[in-house]
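Please read the structure below before turning to the comments.
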Amino acid sequence: MRYALAMKLDTFWAAGEAEREKVVKISLFCRKSNLYAYLKTRRDGIAKSSALLECLKKDLLNYVQGKKISFINYPLKMDNCSSFFIRIWTLTQEIPYGELRSYKWLSERAGTKGYRAVGAALARNPFPILVPCHRVIKKNGNLGGYSAGLKIKKKLLQVEGYLKKRE
DNA sequence: GTGTTTTCACACT
DNA sequence: AGTGTGAAAACAC
């Protein structure tokens with residue numbers, strides 16, 4: 001059975017999907033209409049919610065209010081993904097709350113010079129926030145990209161205290 | 001600043 | 001098996 005839950009997180013929206021006590025996917029949207037469109041496409045065969053998702057919702061709501069929540073203990077469904085992607089996502093999970101790392105740092109950690117391949121792996125991260133890819137930015141200090149839009153990346157960095165406000 | 005090269009995994013054909 | 005494309009980096013002007 002597959003479960004889904006949608007929620008408003010301060011300035012943006014999120015949907016979570018779970019399956020057998022594992023998180024399958026998190027989706028972030030900057031507009032409510034995008035969330036609705038997304039839910040519409042995957043309505044059939046999805047039950048309302050689950051204990052795991054309710055717990056996650058509570059944590060996420062606390063997180064966007066500035067509490068130092070760790071998502072490291074949430075079981076994530078990463079099988080059927082390439083081992084390279086899994087390695088990158090796992091290393092990303094090790095970045096502590098309140099710290100930034102560069103794509104280069106992640107590459108070296110993964111033992112590769114394929115900086116852009118690392119970016120591609122983060123671009124397809126199915127678990128934004130839980131796998132804190134927003135803490136990975138460019139070496140020169142620019143933000144790099146974000147799958148759900150830079151606006152949300154900025155917001156998350158703001159929540160964790162890197163950015164004062166603005167932009 | 002801009003332009004070019006290096007670098008790698010992945011999705012295409 | 002070959003080609004193009006990135007959420008990058010380094011180096012050259």
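The shown structure was predicted, so the numbers you read here are calculated from the model rather than taken from an experiment. Only heavy atoms go into these numbers, but all of them, side chains included; no hydrogens, no water, no symmetry mates. Each chain gets a letter, A, B and so on, in the order the sequences are listed, and its residues count up from 1.
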Minimum heavy-atom distance between A:N142 and A:N140, given as atom pair plus value: N-OD1, 2.9 Å
Closest non-hydrogen atom pair between A:F84 and A:A121, with its separation: CE2-CB, 4.3 Å
Determine whether a donor-acceptor pair (N or O, by modelled atom type, separation under 3.5 Å) exists between the side chain of [X] and the backbone of [Y].
X	Y	answer
A:N62	A:I69	no
A:W89	A:C133	no
A:R135	A:I95	yes
A:Y162	A:G98	yes

Residues touching DNA chain C, which here means a heavy atom under 4.0 Å, drawn from residues 28-35 of chain A: none
Close approaches to DNA chain C from residues 127-148 of chain A, in residue order (heavy atom, under 4.0 Å): A:C133, A:K138, A:K139, A:G145, A:Y146, A:S147
Please report the interatomic distance [atom1]([X]) to [atom2]([Y]), rounded to the nearest 0.5 Å.
X	Y	atom1	atom2	result
A:S70	A:D59	OG	CG	9.0 Å
A:Y146	A:I137	OH	CD1	14.0 Å
A:E19	A:S50	CD	OG	11.0 Å
A:K139	A:S102	NZ	OG	5.5 Å
A:M7	A:L35	CE	CG	9.5 Å
A:I152	A:I129	CD1	CD1	8.0 Å

Sugar-phosphate only, base, or nothing, as touched by A:A120 at under 4.0 Å among non-hydrogen atoms: nothing
Runs of at least three consecutive pairs that involve DNA chain C, where pairs are Watson-Crick or G-U with distances under 3.5 Å: B:1-6 with C:8-13, B:8-13 with C:1-6
Centroid-centroid under 6.0 Å between A:Y63 and A:F71 rings: yes
Polar atom pairs (N or O), protein with nucleotides 3-8 of chain B, under 3.5 Å:
none

Pair listing, side chain to side chain donor-acceptor pair (under 3.5 Å) test, anchored in residues 4-15 of chain A, at least two apart: A:D10-A:K155
A:Y97 reachable from A:L122 in the ILVMFWY side-chain graph, under 4.5 Å edges: yes
Heavy-atom contact window of chain A on DNA chain C, given 5' to 3' at under 4.0 Å: C:dG6 to C:dA10
